[in-house]
Protein chains: 2
Amino acid sequence: MSRQHFDTLDFKILEMLSNNARKPFLEIARETNVSGAAIHQRIQKLTSSGIIRGFETIIDPPSVGYETCAYIGFILNDPTKFDEVVERLKAIPEVVDCHFTTGSYDVFAKIFAHNNAHLLEVIHKKLRLGIGRTETLISFKEVFKRPIPILHENME
Amino acid sequence: MSRQHFDTLDFKILEMLSNNARKPFLEIARETNVSGAAIHQRIQKLTSSGIIRGFETIIDPPSVGYETCAYIGFILNDPTKFDEVVERLKAIPEVVDCHFTTGSYDVFAKIFAHNNAHLLEVIHKKLRLGIGRTETLISFKEVFKRPIPILHENME
DNA sequence: ATTGAAATCAGTGATCC
DNA sequence: GGATCACTGATTTCAAT
């Protein structure tokens, strides 16, 4: 489904649900002056069409044992290595985000680790073997993190 | 609250809620053999203590008008500029993530934009004025994205 | 998209380990 | 302190329109 199939109701639903996945459907219904069943059907459609990817509980990483956050850039010496790098990254559960990029790096990933020692161990033992070069950016403070803004103008 | 206050029930709740923020409390209760009220109380405590940061609906960025995703690294020429950069980044709703980092960059941010032209406009007009140098990594494919793993061993 | 109805759920307070 | 039970009001979900 592409974005031109949006209407104002879909937009309002996404806007309300974006930062509160547990907002009751009936509450959305009251604020939009439609029935609860209509909201229910819309959300089902938004989910089955892939616009809503899922409902996630945001958990504080340090509280569950992840004191270190880092980004790793890969500079590959061989274009055929892309898939190999991705496979390795997928196999590491602490890798939460992975992109193919243009610019300084070919592949770019975000990773959590228990501490700096654990991070370095993962990089040395699992990521830096015959695929080229890596560069690591260690975060010493997550200044902020928020969802993408849902803007009406983007959808007309 | 620090992590040593966790017990197995908290862990199971976080594990179940992590990838499904709308999972009914009573369903969690049945799967853990405790009452719904106990789950309710636990989730309140996890939320008020900051371990659960919130419940977010994950929305497909291209579906809502964000075709371009990029990372921007800032190399500052003056340490007092940290706060200025953060203020500028906060003022741009499309910036979803911002870190202080060690390594190639001082500040590192993730941004969504309508398209490449829009991205470059934001970088030129709002980010690159007298704060040092920036480098941009444009993602041409998000290979995967997932939540941090909730592992029992991390919490004992 | 709505109605209406059944099943299920969230949240509260008294009570009991 | 933390879980349970019992209960009320709210919510989800479905079929029919």
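What's counted below: heavy atoms across the whole structure, side chains too, no hydrogens, waters or symmetry copies. Just so you know, these numbers come straight off a predicted model, no measurement behind them.
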Grab the [atom1]-[atom2] distance between [X] and [N] for me, whole Å please.
X: A:E27; N: D:dT11; atom1: CD; atom2: P; answer: 7 Å
X: B:I43; N: D:dA3; atom1: CD1; atom2: C1'; answer: 15 Å
X: A:R42; N: C:dT2; atom1: CZ; atom2: C1'; answer: 13 Å
X: A:N20; N: C:dA10; atom1: CG; atom2: P; answer: 14 Å
X: B:I39; N: D:dG2; atom1: CD1; atom2: P; answer: 14 Å
X: B:L26; N: D:dA6; atom1: CG; atom2: P; answer: 15 Å
X: A:Q41; N: C:dT2; atom1: CD; atom2: C1'; answer: 9 Å
X: B:F25; N: D:dT11; atom1: CZ; atom2: P; answer: 14 Å

Quiz item: When the ring planes of B:H99 and A:Y71 are compared, do they come out parallel, tilted or perpendicular, using 30° and 60° as the limits?
Solution: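 Perpendicular.
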Practice problem: Quick one: sort the A:F100 and B:F140 rings into parallel, tilted or perpendicular, breaks at 30° and 60°. | Solution: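 Rings of A:F100 and B:F140: tilted, 30 to 60°.
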Would you indicate, yes or no, if [N] has its OP1 or OP2 atom less than 4.0 angstrom from a side-chain nitrogen or oxygen of [X]?
X: A:R22; N: C:dA10; value: yes
X: A:R30; N: D:dT11; value: yes
X: B:K45; N: D:dG1; value: no
X: A:H40; N: D:dT13; value: yes

Quiz item: Pick the nucleotide of DNA chain D nearest each of B:S35 and A:P24; which residue has the one closer to the 5' end?
Solution: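 Here B:S35 is the residue nearer the 5' end.
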Quiz item: To the side chain of A:V34, which of D:dG2, C:dT2, C:dC9 is closest?
Solution: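 Of the candidates, C:dT2 comes closest.
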Self-check item: Out of D:dT12, D:dC14, C:dG13, whichever nucleotide has its closest atom nearest the side chain of B:A37
Solution: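 Between D:dT12, D:dC14, C:dG13, the one nearest the side chain of B:A37 would be C:dG13.
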Exercise. State whether A:K110 and B:D97 are salt-bridged, where the test is any N-O pair (Lys NZ or Arg NE/NH1/NH2 against Asp/Glu carboxylate O) under 4.0 Å.
Key: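 Yes.
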Quiz item: Is it the case that A:S18 and B:E56 place a side-chain donor and acceptor less than 3.5 Å from each other?
Solution: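 Their side chains do not contain a donor-acceptor pair, so the 3.5 Å distance test is not met.
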Exercise. Using side-chain contact (heavy atoms from CB on, under 4.5 Å) as the criterion, point out the one residue from B:T101, B:I75, B:L76 that pairs with B:V107.
Key: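 It is B:L76; the other options fail the test.
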